Amino acid sequence: MIKITLPDNSVREYEEAISGYDIAKNISQSLAKEVLAITVNGEIWDLQRLITTDSKIKLHKWDDEEGKHAFWHSSAHLMAEALEALYPGIKLGIGPSIENGFYYDVDLVDGRVISDTDFPKIEAKMKELAQQKNEYRRSEISKKDALDFFTKKGDEYKLELINDLEDGTITLYKQGNFTDLCRGPHLPDTGYIKAVKILNVAGAYWRGDEKRKQLTRVYGITFPKQKMLEEHLVLLEEAKKRDHRRIGKELELFTFSQRVGQGLPLWLPKGAQLRERLENFLKKIQKLYGYQQVITPHIGLKELWVTSGHYEKYGKDSFQPISTPAEGEEFLLKPMNCPHHCEIYKHKQHSYKDLPVRYAEFGTVYRYEQSGELHGLTRVRGFTQDDAHIFCRPDQLKDEFKKVMDIISIIFNALDFQNFTAQVSLRDPDDKTKYIGSDENWEKSENAILEAVKEKNLNYVVEYGEAAFYGPKLDFMVKDALGRQWQLGTIQVDYNLPERFELEYIGADNQKHRPVMIHRAPFGSMERFVAVLIEHTAGKFPLWLTPDQVVILPISEKYNDYAKKVLNFLNNCDIRTLIDDRNEKIGKKIRDNEMKRIPYLLIVGEKEFENETVSVRVQGDGDKGSMNMNEFADLITNEVKAQTENYKIN
RNA sequence: GCCGAUGUAGCUCAGGGGUAGAGCGCUUCCUUGGUAAGGAAGAGGUCAUGGGUUCAAUUCCCAUCAUUGGCUCCA
């Protein structure tokens, strides 16, 4: 007798070993049709694998990550089978499921390539194989047999993977004529896969190592129903419409010029306005938190970064030094602001009573990003950090850290960024040589971050090996419209620079002590933040931030004079107002200005002129009736106030 | 930097060995209107740049530059 406990704690008893599929069938036919995988005592299994002992189980359908994982992982095998059939002699790397679909890394050998014109062929082959409803059969063999098998097959990549596995049994999965090294789980058969789309193809280094061979990575996605694929493709289209590069062009926020250089954004008037408003907002908050603005030059002597240790680490990958013609002094375009700020700290002696000292600067920095890495405003070669450096006593570190977290949460709340991940980046425990500074300091700062995060009740993940070379950090990560993750805000603890720049303060004991430094940037960079904000809002910025708040649309040219009167009135109330006095019908003006995402549209014609009113339309929400100018001005002013004053200093 | 793709009017894109097209935008004219596209005419392109093949290249080939999807990197 085998007892099977379901997630609701109900128990089912079976005479003999039973598969997950049969349990599902036993519960209901419709469940059996939908179930894709099963968790047995915390381990994910194939549905057909027999359960022989009392177990706790959970059945996974498409809605579960586990269900999708099994589905896409099985699809990766199906694609590999298709690729083997279409490209004989192909060698296989790895083929996992990912957040949206799956990929397989393959070595095509003989210099063959796959390009997007080949996709239909691959899709057709996959569908053909899927229709054969070949079972995914699991088998367990010894490591030696596995090595023999893949030696015969000539798959050197699989051999390398097997050699790295521990001795013991190794599982293989076979469907049709295709056998792959795999932990599973998989679908019962290929017939579950009804809709197939190959998405793109890319180069990917074997095992992520740029010194090793570059394989061809083929990305795809599959679904149990054709309709789901169609919906997914619509979603991808929608996401593309939110792309900041597209909206940035549409709304004339920023541009790039080949003649200026790649990765060097040019902020157009409207984008500059938006950015300036964000900067002023942060400045206001920082002032309340005791920050002082400083200004430093865009270049500095190379020695500055030799001292900081950055030159050794990044020097050869940066823009190369520029030198003075007569003396041959070497300068670097500054890749970060910290050394300049350290020198500001050093301009005078500090007492322990004066700390913490907080220097802030919207500092523009230049980094030589690899050409293939550039991407819209999110990855550029010249950008402005909303940088600040806090110099504090070691006993103030945790508190200061928490205050920075407060500033970040004010910013994120004001801009309605709820969907972020906090990532604590610590040292790689296996390779401490990548880092500089003493073990003791690293431990102190790693603990300070972890404690601060816990005390602030932040949801966070810990990533080992992601720390900066000089210290651990706390990063705030958000996703863009296409699901790519970007780092926005960051807080970093640094014992290293104070050491290297010999920063000091005089303690209560009248002795010299070393301060601790915190680097922090709530936005991260203005460029990246604005990019993510564009995608987050689809270009519909909050009223306080948007470049143009109101547009006045006269019904005909007869009312242009009245419209101008309204325009002057609103502009005098500090409301950013435009007028659309083109010789167009009102429907056309409404459409055009709706598409410019201007929050309020005011329609003025005969009626409004007579009654000294305006007819109000809210962007995306239609006609709101009429009101007089004062009422409307109050409406706008109050809305802006509510948006910008909704925070407190703790 | 590496692998793949792309580059045609201000924007979005079609085309194709015989020196170019649409829609939107722009200019002018008609129209003066009531809540998401009124009508007409016109201007605008060395088809990214440089080579090569050809009687002829924007089209085919090569290189460069830029953009783009990934990989690696990200102080």
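Values in this document were obtained by computation on a predicted structure and should not be read as measured data. So you know, we letter chains A, B, ... as the sequences are listed, proteins then strands, and number each from 1.
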Return the orientation label for the Tyr157(A) and Trp206(A) ring planes: parallel under 30°, perpendicular over 60°, tilted otherwise.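 Ring orientation, 0 to 90° scale: perpendicular.
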Could you check whether the rings of His310(A) and Phe469(A) sit parallel, tilted or perpendicular, using 30° and 60° as the cut-offs?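 Aromatic pair His310(A)/Phe469(A) classed perpendicular.
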Classify [X] by what it touches in the nucleic acid, base, sugar-phosphate, or nothing, heavy-atom distance under 4.0 Å.
| X | answer |
| --- | --- |
| Gly605(A) | base |
| Arg617(A) | base |
| Gly524(A) | nothing |
| Tyr219(A) | sugar-phosphate |
| Ile586(A) | sugar-phosphate |
| Ser308(A) | nothing |
| Phe256(A) | nothing |
| Glu250(A) | nothing |

Can you build the contact string for nucleotides 2-15 of chain B? Use B for base contact, S for sugar-phosphate-only contact, and - for no protein heavy atom under 4.0 Å. BBSS-----SS---
For U27(B), what is the paired nucleotide under Watson-Crick or G-U wobble rules, both distances under 3.5 Å?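 For U27(B), the partner nucleotide comes out as A41(B), under the 3.5 Å rule.
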Who pairs with G69(B) - Watson-Crick or G-U, where each distance is under 3.5 Å: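 Paired with C3(B).
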Looking at side-chain heavy atoms only, is the closest gap between [X] and [Y] below 4.5 Å?
| X | Y | answer |
| --- | --- | --- |
| Ser438(A) | Glu499(A) | no |
| Tyr600(A) | Leu543(A) | yes |
| Ile579(A) | Val551(A) | no |

[X] [atom1] to [N] [atom2], straight-line distance once rounded to whole Å:
| X | N | atom1 | atom2 | value |
| --- | --- | --- | --- | --- |
| Asp105(A) | G69(B) | CG | P | 19 Å |
| Glu608(A) | G34(B) | CD | P | 12 Å |
| Leu553(A) | G34(B) | CG | P | 14 Å |
| Arg591(A) | U35(B) | CZ | P | 16 Å |

Below 4.0 angstrom from OP1 or OP2 of [N], is there any side-chain N or O of [X]?
| X | N | value |
| --- | --- | --- |
| His375(A) | G69(B) | yes |
| Lys624(A) | U35(B) | no |
| Arg245(A) | U68(B) | yes |
| Lys588(A) | G33(B) | no |
| Arg379(A) | G70(B) | no |

Let me know which of Tyr495(A), Tyr345(A), Phe501(A) forms a ring pair (Phe, Tyr, Trp, His ring centres under 6.0 Å) with Phe391(A).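 By the ring pair (Phe, Tyr, Trp, His ring centres under 6.0 Å) criterion, Phe391(A) pairs with just one of Tyr495(A), Tyr345(A), Phe501(A): Tyr345(A).
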Where the side chain of [X] is concerned, which of [options] is the nearest nucleotide?
| X | options | result |
| --- | --- | --- |
| Ile555(A) | G34(B), A75(B), A37(B) | G34(B) |
| His310(A) | G34(B), G33(B), A75(B) | A75(B) |
| Arg484(A) | G69(B), G34(B), A75(B) | G69(B) |

Have Ser615(A) and Glu608(A) got a donor and an acceptor in their side chains that come within less than 3.5 Å?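 Their side chains do contain a donor-acceptor pair, which is all the 3.5 Å distance test asks for.
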For Gln423(A) and Thr421(A), does a side-chain donor sit closer than 3.5 Å to a side-chain acceptor?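 Judged by distance alone, the side chains do not pair up.
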When rounded to the nearest Å, what value does the distance between [atom1] atoms of [N] and [M] take?
| N | M | atom1 | value |
| --- | --- | --- | --- |
| U27(B) | C65(B) | P | 38 Å |
| C62(B) | G21(B) | P | 29 Å |
| G38(B) | G34(B) | C1' | 14 Å |
| U67(B) | U53(B) | P | 31 Å |
| C13(B) | U68(B) | P | 13 Å |
| U64(B) | C3(B) | P | 11 Å |
| U8(B) | A57(B) | C1' | 14 Å |
| U6(B) | G15(B) | P | 13 Å |

Which residues, if any, of residues 333-344 of chain A bring a heavy atom under 4.0 Å of RNA chain B?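 Heavy-atom cutoff 4.0 Å gives Pro335(A), Met336(A).
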For Leu474(A), which of Val424(A), Val404(A), Ile408(A) qualifies under side-chain contact (heavy atoms from CB on, under 4.5 Å)?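 Answer after filtering Val424(A), Val404(A), Ile408(A): Val424(A).
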Atom pair CG (Asp581(A)) and CG (Asn560(A)), whose distance is rounded to the nearest 0.5 Å: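 Reported value, rounded in 0.5 Å steps: 5.0 Å.
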Establish whether the base of A66(B) is bridged to the side chain of Gln262(A) by a donor-acceptor pair shorter than 3.5 Å.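 Answer no: no donor N or O sits under 3.5 Å from an acceptor.
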With centres under 5.5 Å and planes under 30° as the test, does Tyr314(A) stack with A75(B)?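 Base of A75(B): stacked against Tyr314(A).
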Cation-pi check for Tyr368(A) against Arg381(A): NZ or CZ below 6.0 Å from the six-membered ring centre and within 45 degrees of the axis, yes or no?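 Judged by the rule, Arg381(A) and Tyr368(A) form a cation-pi pair.
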Applying side-chain contact (heavy atoms from CB on, under 4.5 Å), can you list everything that pairs with Thr117(A), at least two apart in sequence or on another chain?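 Residues passing side-chain contact (heavy atoms from CB on, under 4.5 Å) with Thr117(A): Ser115(A).
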